[in-house]
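Positions are given from 1 along the sequence. As a basis for the values below, the full set of heavy atoms in this structure was taken, side chains included, without hydrogen atoms, waters or symmetry mates.
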Amino acid sequence: MAVIEERIRSMGLYLPDSAKVPANVVIDFAWARVFDNRVYVSGHGPQAPDGSIVGPFGLVGADVTPEQATDAARLATLSVLASVKRAIGDLDRITAWLRIDGFVLTAPGFDRTTNVINSCSRLLSDLFGPGIASHARTAMGVAATPLRCPVVIAAELAFKP
(Lines give C-alpha, C1' and ligand atoms only; values in the text may rest on other atoms or scores of the structure.)
Protein backbone atom coordinates (compact mmCIF):
# COMPACT_ATOMS: atom_id res chain seq x y z
CA MET A 1 0.00 0.00 0.00
CA ALA A 2 1.30 3.47 -0.90
CA VAL A 3 1.08 5.18 2.49
CA ILE A 4 2.53 8.55 1.45
CA GLU A 5 0.33 8.80 -1.64
CA GLU A 6 -2.72 7.99 0.46
CA ARG A 7 -1.75 10.79 2.87
CA ILE A 8 -1.45 13.17 -0.08
CA ARG A 9 -4.93 12.22 -1.32
CA SER A 10 -6.44 12.44 2.17
CA MET A 11 -5.15 16.02 2.42
CA GLY A 12 -6.97 16.87 -0.82
CA LEU A 13 -3.65 17.28 -2.66
CA TYR A 14 -2.26 15.70 -5.84
CA LEU A 15 0.94 14.59 -7.55
CA PRO A 16 1.08 16.41 -10.90
CA ASP A 17 1.85 14.79 -14.23
CA SER A 18 5.27 15.36 -15.83
CA ALA A 19 6.05 19.02 -16.32
CA LYS A 20 4.57 20.66 -19.41
CA VAL A 21 6.70 23.65 -20.29
CA PRO A 22 6.19 26.25 -23.03
CA ALA A 23 7.32 25.22 -26.52
CA ASN A 24 10.27 27.63 -26.49
CA VAL A 25 11.73 26.17 -23.24
CA VAL A 26 14.38 23.48 -23.70
CA ILE A 27 14.86 20.92 -20.90
CA ASP A 28 18.35 19.38 -21.18
CA PHE A 29 18.51 17.92 -17.68
CA ALA A 30 16.88 15.30 -15.49
CA TRP A 31 14.08 16.44 -13.19
CA ALA A 32 15.32 13.82 -10.71
CA ARG A 33 18.66 11.98 -10.89
CA VAL A 34 19.14 8.72 -8.97
CA PHE A 35 22.68 7.86 -7.89
CA ASP A 36 23.29 5.03 -5.42
CA ASN A 37 20.71 5.53 -2.67
CA ARG A 38 20.23 9.24 -3.34
CA VAL A 39 17.88 11.28 -5.46
CA TYR A 40 19.01 14.73 -6.57
CA VAL A 41 15.99 16.79 -7.59
CA SER A 42 16.21 19.76 -9.94
CA GLY A 43 14.33 22.96 -9.17
CA HIS A 44 10.55 22.60 -9.52
CA GLY A 45 7.89 25.26 -9.66
CA PRO A 46 4.19 24.95 -8.85
CA GLN A 47 2.22 22.71 -11.21
CA ALA A 48 -1.44 21.92 -11.89
CA PRO A 49 -2.55 18.26 -11.91
CA ASP A 50 -1.92 18.05 -15.70
CA GLY A 51 1.72 19.16 -15.24
CA SER A 52 1.28 22.70 -16.53
CA ILE A 53 2.99 25.49 -14.63
CA VAL A 54 0.50 27.51 -12.55
CA GLY A 55 0.53 31.06 -11.24
CA PRO A 56 0.33 33.55 -9.90
CA PHE A 57 3.61 34.66 -11.45
CA GLY A 58 5.93 37.47 -10.46
CA LEU A 59 7.70 39.02 -7.52
CA VAL A 60 6.70 38.02 -4.01
CA GLY A 61 5.96 41.17 -2.08
CA ALA A 62 4.80 43.03 -5.22
CA ASP A 63 2.88 40.89 -7.76
CA VAL A 64 2.39 37.86 -5.47
CA THR A 65 1.32 37.97 -1.83
CA PRO A 66 3.29 36.06 0.80
CA GLU A 67 0.24 33.79 1.25
CA GLN A 68 0.11 33.03 -2.47
CA ALA A 69 3.86 32.30 -2.40
CA THR A 70 3.34 29.92 0.52
CA ASP A 71 0.72 28.07 -1.55
CA ALA A 72 3.12 28.04 -4.52
CA ALA A 73 5.85 26.50 -2.34
CA ARG A 74 3.46 23.74 -1.31
CA LEU A 75 2.55 23.05 -4.96
CA ALA A 76 6.24 23.07 -5.92
CA THR A 77 6.87 20.49 -3.18
CA LEU A 78 4.18 18.26 -4.70
CA SER A 79 5.94 18.67 -8.06
CA VAL A 80 9.18 17.51 -6.43
CA LEU A 81 7.38 14.50 -4.94
CA ALA A 82 5.90 13.58 -8.32
CA SER A 83 9.34 13.59 -9.96
CA VAL A 84 10.78 11.52 -7.12
CA LYS A 85 7.96 9.00 -7.53
CA ARG A 86 8.69 8.73 -11.26
CA ALA A 87 12.39 8.21 -10.45
CA ILE A 88 12.10 5.56 -7.70
CA GLY A 89 8.58 4.20 -8.17
CA ASP A 90 7.31 4.49 -4.60
CA LEU A 91 7.49 7.43 -2.18
CA ASP A 92 7.37 5.00 0.75
CA ARG A 93 10.99 4.07 -0.12
CA ILE A 94 12.22 7.49 1.04
CA THR A 95 14.30 7.15 4.21
CA ALA A 96 15.50 10.75 4.68
CA TRP A 97 14.98 14.21 3.24
CA LEU A 98 18.52 15.57 3.41
CA ARG A 99 18.35 19.03 1.90
CA ILE A 100 15.75 21.46 0.59
CA ASP A 101 16.75 24.52 -1.42
CA GLY A 102 14.00 27.09 -1.77
CA PHE A 103 14.29 30.03 -4.13
CA VAL A 104 11.77 32.85 -3.82
CA LEU A 105 11.42 35.46 -6.56
CA THR A 106 11.40 38.57 -4.37
CA ALA A 107 10.56 42.21 -4.72
CA PRO A 108 13.22 44.55 -3.31
CA GLY A 109 13.02 44.53 0.47
CA PHE A 110 11.04 41.28 0.82
CA ASP A 111 12.95 39.32 3.48
CA ARG A 112 10.48 36.67 4.66
CA THR A 113 11.69 33.89 2.38
CA THR A 114 11.92 31.52 5.33
CA ASN A 115 8.20 31.93 5.99
CA VAL A 116 7.40 31.09 2.36
CA ILE A 117 9.55 27.93 2.27
CA ASN A 118 8.22 26.77 5.66
CA SER A 119 5.17 25.35 3.82
CA CYS A 120 7.48 22.93 2.01
CA SER A 121 9.06 21.75 5.26
CA ARG A 122 5.67 21.44 6.98
CA LEU A 123 4.19 19.41 4.13
CA LEU A 124 7.12 16.99 4.18
CA SER A 125 6.78 16.62 7.95
CA ASP A 126 3.03 16.03 7.68
CA LEU A 127 3.57 13.37 5.02
CA PHE A 128 6.70 11.57 6.23
CA GLY A 129 6.88 12.40 9.95
CA PRO A 130 9.60 14.52 11.57
CA GLY A 131 12.22 11.74 11.60
CA ILE A 132 12.32 11.22 7.84
CA ALA A 133 11.36 14.79 6.90
CA SER A 134 13.99 16.59 9.00
CA HIS A 135 16.33 18.34 6.55
CA ALA A 136 18.90 21.05 6.08
CA ARG A 137 17.42 24.00 4.22
CA THR A 138 18.14 27.16 2.28
CA ALA A 139 15.46 29.80 1.64
CA MET A 140 16.92 32.43 -0.67
CA GLY A 141 15.43 35.50 -2.28
CA VAL A 142 16.43 35.70 -5.94
CA ALA A 143 16.11 38.23 -8.76
CA ALA A 144 14.91 35.74 -11.42
CA THR A 145 13.36 32.28 -11.69
CA PRO A 146 12.31 30.23 -14.72
CA LEU A 147 9.01 31.51 -16.16
CA ARG A 148 8.72 34.01 -13.26
CA CYS A 149 7.54 31.29 -10.88
CA PRO A 150 7.33 32.86 -7.43
CA VAL A 151 8.91 29.78 -5.81
CA VAL A 152 11.28 27.05 -6.98
CA ILE A 153 12.13 24.03 -4.79
CA ALA A 154 15.09 21.64 -5.25
CA ALA A 155 15.99 18.72 -2.99
CA GLU A 156 18.28 15.86 -2.09
CA LEU A 157 17.00 12.74 -0.38
CA ALA A 158 17.95 9.17 0.47
CA PHE A 159 15.87 6.06 -0.25
CA LYS A 160 15.85 2.30 0.19
CA PRO A 161 17.31 0.74 -2.99
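- Leu98 and Leu91 end up in different hydrophobic clusters when Ile, Leu, Val, Met, Phe, Trp and Tyr side chains are linked at under 4.5 Å.
- In the hydrophobic clustering of ILVMFWY residues, with side-chain heavy atoms under 4.5 Å counting as a link, Val64 and Phe110 come out together.
- Between Val142 and Thr113 the shortest side-chain heavy-atom distance does not fall below 4.5 Å.
- Here CZ of Arg74 is found 7.0 Å from CG of Asp126. Values are rounded to the nearest 0.5 Å.
- If you chain together hydrophobic residues whose side chains sit under 4.5 Å apart, Val80 and Val104 fall into the same group.
- By the 4.5 Å heavy-atom criterion applied to side chains, Leu127 and Leu81 are counted as neighbours.
- Contact of the Arg112 side chain with the Thr114 side chain is not registered, since no non-hydrogen atoms from C-beta on lie closer than 4.5 Å.
- When all heavy atoms of Ala48 and Pro16 are compared, the pair lying nearest together is O-CB, 3.2 Å.
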Validation: residues 145-153 side-chain donor-acceptor distances under 3.5 Å, sequence neighbours left out:
residue, atom, partner, partner atom, Å
Thr145, OG1, Cys149, N, 3.2
Thr145, OG1, Cys149, O, 2.5
Arg148, NH2, Asp63, OD2, 3.2

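- In plain terms, the two heavy atoms of Ala73 and Thr77 that are nearest each other are O-OG1, 2.8 Å.
- The environment of CZ in Arg93 is crowded: more than 12 heavy-atom neighbours from other residues, nucleotides or ligands sit within 6.0 Å.
- A heavy-atom distance below 4.5 Å is not found between the side chains of Ile8 and Met11.
- Counting only heavy atoms from C-beta outward, the side chains of Gln47 and Ser52 never approach each other to under 4.5 Å.
- Residues Leu78 and Ile132 fall within the same hydrophobic cluster, defined by Ile, Leu, Val, Met, Phe, Trp and Tyr side chains chained together at heavy-atom separations under 4.5 Å.
- Asn118 contributes atom CG, which lies 8.0 Å from atom OG1 of Thr70 (distance to the nearest 0.5 angstrom).
- The nearest pair of heavy atoms linking Pro46 to Ala72 is CB-O, 3.7 Å.
- A heavy-atom distance below 4.5 Å is found between the side chains of Leu75 and Tyr14.
- Atom CZ of Arg137 sits in a crowded spot, with more than 12 heavy atoms from other residues, nucleotides or ligands closer than 6.0 Å.
- For Ile100 against Ala155, the heavy-atom pair with the smallest separation is CD1-CB, 3.7 Å.
- To the nearest 0.5 Å, the span separating SG on Cys120 from NE2 on His135 amounts to 5.5 Å.
- Follow the hydrophobic side-chain contacts under 4.5 Å out from Phe57 and you never reach Val60; the two are in separate clusters.
- Panel note: side chain Ser125, backbone Arg122; no donor-acceptor pair is recorded below 3.5 Å.
- Within 6.0 Å of CE on Met140 lie no more than 12 heavy atoms contributed by other residues, nucleotides or ligands.
- Taking every heavy atom of both residues into account, Ser42 and His44 meet most closely at O-ND1, 2.6 Å.
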Going by atom type alone, with no hydrogens or angles, which donor-acceptor pairs under 3.5 Å involve a side-chain atom of residues 19-38 and a protein atom two or more places apart or on another chain?
residue, atom, partner, partner atom, Å
Lys20, NZ, Asp50, O, 3.1
Arg38, NH1, Glu156, OE2, 3.1

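- Checked options Val39, Leu124, Ile88; the residue passing with Ile94 is Ile88 (criterion: side chain to side chain contact (heavy atoms under 4.5 Å, CB included)).
- The two residues Arg86 and Ser18 come nearest to each other via the heavy atoms NE-OG, 3.3 Å.
- Leu15 is listed as a side-chain neighbour of Glu5, based on a closest heavy-atom distance under 4.5 Å.
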